[in-house]
Amino acid sequence: MEKSLALPQIAWLRLFRRRLGSWFDLHAKDLPWRKRKDAYSVWISEIMLQQTQVATVCGYFERFLRAFPTVDNLAQAEEEQVLRLWEGLGYYRRARQLHKAAKFLVAEHGGEFPREIDAVRRLPGIGRYTAGAILSIAYDIPQPILEANTLRVYSRLLGYEGDPHSSAGQKLLWSMAEAVIPKTRSGRVNQALMELGREVCKARNALCDNCPVAPLCKALEKGLQNRIPRPKAKPKIEEVCEAAVVVRRRSRVLLVKRGDGGRWAGLWDFPRFPLNAEHPAARRKELIDGVRRLTGVTIAPGELLQTLQHSVTRFRITLECYAAEYVSEDGRKTSSEIKWLRPAELEKYPLNTTGRKIASIIL
DNA sequence: AAAACGGGGAT
DNA sequence: ATCCCAGTTTT
């Protein structure tokens with residue numbers, strides 16, 4: 001039997017905000033997106049920060065804003081240039097949606113970032129969290145947020161032992177977020193909540209001794225600060241083997257653009273496909289067939305250059321990287337776009353991290 | 001409700 | 001190795 005959890009009273013909320021705010025005024029980090037406060041830069045930072053740690057984002061954010069200081073610059077850019085700046089950040093759909101949204105804002109909103117929550121939510125790549133974050137931080141509009149940090153902070157404050165990702169958990173925690181958000185300076189409170197979660201109310205090792213709201217925390221009271229929130233069940237990982245083929249034709253190599261909908265959509269890649277055969281002869285045939293199916297190019301397989309490991313959702317991939325020589329090109333159409341590039345040109349095109357490693361072998 | 005979508009930081 | 005990260009979208 002689980003005890004029902006009541007949301008805090010007004011007095012509790014006032015005390016909580018005051019302690020949190022004072023702590024933040026003393027301890028706020030000097031992050032790159034706190035230099036400018038316009039909606040555009042806040043928006044860029046929030047998209048980059050989705051499922052990505054602050055330290056990782058800092059450099060990307062600065063390079064991105066140097067390349068595209070305004071929404072018009074971004075809207076006018078080529079998608080490949082946007083992806084090139086996103087290279088290594090992962091979740092590349094974010095970059096494509098960001099670019100799409102920028103074009104939409106310039107075309108339909110005069111390049112102005114909207115102030116209405118519904119208009120913001122309609123932009124691609126912006127969900128409830130991101131909309132609330134941008135409006136509160138950029139415009140000081142009182143909107144709640146719930147993400148990894150606030151989820152943990154609220155779960156602990158409330159002593160919520162259920163699954164915070166369940167529908168009941170989400171409902172409770174969003175209600176908490178709504179209760180906490182003040183009418184003014186909501187951006188400060190939201191950033192303070194996230195900063196507290198990152199620096200003090202940490203996932204592995206909560207630093208309750210340094211916490212400005214420790215006396216208000218139910219989890220600490222019960223000694224459960226490192227057991228709440230409940231860890232997620234881990235998904236099963238499948239082992240697979242793939243080949244990537246470096247096809248040479250005089251001084252060029254063959255690249256193929258990855259289609260929409262799948263992994264690494266919009267990025268360029270060496271021809272890559274699953275490898276199943278055990279015997280060398282069958283393996284060789286798989287290489288020829290795979291490259292032909294993907295690119296319409298016929299090859300003569302060569303040596304194994306290198307074997308790389310990488311993980312993606314649900315899969316641990318052993319990637320065998322082969323050399324190959326160009327033989328002929330089918331007149332047959334392939335569904336995908338291909339390019340023959342000089343090695344030096346590779347740096348202009350967006351690749352995934354593994355593709356970039358392979359590219360570095362060639363140089 | 002669950003899966004897909006990346007890659008790197010921290011322990 | 002494992003867990004985690006300023007989530008969103010699709011299935």
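Here is the naming used below: chain letters follow the sequence lines, and residue numbers restart at 1 for every chain.
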request  = Can you see which heavy atom on A/Ile47 is nearest to which on A/Gly125, and at what distance?
outcome  = CD1-O, 3.6 Å
query = Counting distance only, does the side-chain N/O of A/Asn73 pair as donor-acceptor with the main-chain N or O of A/Thr70 below 3.5 Å?
reply = yes
inquiry  = When you compare the side chains of A/Glu87 and A/Tyr92, does any donor N or O come within less than 3.5 Å of an acceptor on the partner?
reply    = no
Phosphate contact (C/dA6 OP1 or OP2) by A/Thr130 side-chain N/O below 4.0 Å = no
query = To the nearest angstrom, how far is A/Lys232 atom NZ from C/dC3 atom P?
reply = 11 Å
ask   = Given C/dG7, is OP1 or OP2 found less than 4.0 Å from the side-chain N or O atoms of A/Gln50?
value = no
task = Quickly work out the A/Glu239 CD to C/dA1 C1' distance and round it to whole Å.
result = 13 Å
query = Between C/dA6 atom C1' and A/Ile181 atom CD1, what is the distance in whole Å?
reply = 14 Å
message = Strictly distance-based, threshold 3.5 Å: is any side-chain N or O of A/Thr150 a donor or acceptor partner for the main-chain N or O of A/Leu193?
response = no
inquiry  = Given 3.5 Å as the limit, does a donor-acceptor pair link the side chain of A/Thr56 with the main chain of A/Thr52, or not?
reply    = no
Grab the N/O contacts between the protein and nucleotides 9-11 of chain C below 3.5 Å, and write none if there aren't any.
residue	atom	partner	partner atom	Å
C/dT9	OP1	A/Gly125	N	2.6

query = Are a donor atom and an acceptor atom from the side chains of A/Glu62 and A/Tyr60 found within less than 3.5 Å of each other?
reply = no
inquiry  = Distance check needed: C/dC5 C1' versus A/Arg152 CZ, whole Å only.
reply    = 9 Å
ask   = Could you give the start and end, 5' to 3', of the contact zone on DNA chain B for chain A, using atoms under 4.0 Å from its heavy atoms?
value = B/dA1 to B/dG9
message = Determine whether a donor-acceptor pair (N or O, by modelled atom type, separation under 3.5 Å) exists between the side chain of A/Asp269 and the backbone of A/Pro271.
response = no
message = Going by the rule side chain to side chain contact (heavy atoms under 4.5 Å, CB included), which residues pair with A/Lys29 if we only count those two or more places apart in sequence or in a different chain?
response = A/Leu31, A/Arg34, A/Glu195, A/Arg198, A/Glu199
